[in-house]
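This chain uses plain numbering: 1 for the first residue, then up along the sequence. Side chains are part of it too, since the values below use all heavy atoms of this structure and drop only hydrogens, waters and symmetry mates.
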Amino acid sequence: ATGVTSIARWARSKSFGDLFRPGFLNGKAPCAATFFNVLSKLDTVALEKCLQKYFEPVLNEEEVLSIDGKTLRGSNDVSTPPVHLLSGNC
């Protein structure tokens with residue numbers, strides 16, 4: 001499985017504390033459909049600007065933040081836009 005199914009499976013494997021810290025107050029991971037709904041509505045340009053602003057203070061001129069995005073094949077249809085995944089590395 002790939003995409004939101006894999007994200008949901010990964011999230012379900014996390015402990016209560018791992019899920020509570022980022023704001024899942026009941027300690028339960030969202031299902032794949034919730035990940036799909038949220039990720040498909042992200043404004044990718046606004047997200048890029050937000051990430052740049054967030055990481056700017058912690059990176060010095062010699063460090064590089066690599067961000068990679070993928071569009072999930074088959075994730076869109078007539079009524080929904082495609083799902084995009086994002087990963088980052090310092």
Among the clusters formed by ILVMFWY side chains lying less than 4.5 Å apart, do [X] and [Y] turn up in the same one?
{"X": "I7", "Y": "F20", "answer": "no"}
{"X": "L85", "Y": "L47", "answer": "yes"}
{"X": "F24", "Y": "W10", "answer": "no"}

Next item on the list: Nearest 0.5 Å please: distance from the CZ atom of F16 over to the CG atom of D18.
Entry: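 CG of D18 is found 11.0 Å from CZ of F16.
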
Notebook entry, point to check: Taking atom CD of E56 and atom CG of L51, what is their separation to the nearest 0.5 Å?
Noted result: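 One gets 12.0 Å once the value is rounded to the nearest 0.5 Å.
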
Notebook entry, point to check: How far apart are the closest heavy atoms of N37 and K41, and which atoms are they?
Noted result: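 Heavy atoms only, the tightest pair is O-CG, 3.4 Å.
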
Note to self: If I compare all heavy atoms of A8 with all of A32, which pair ends up nearest, and what's the gap?
What the structure shows: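 Scanning both residues, the minimum pair turns out to be CB-N, 3.6 Å.
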
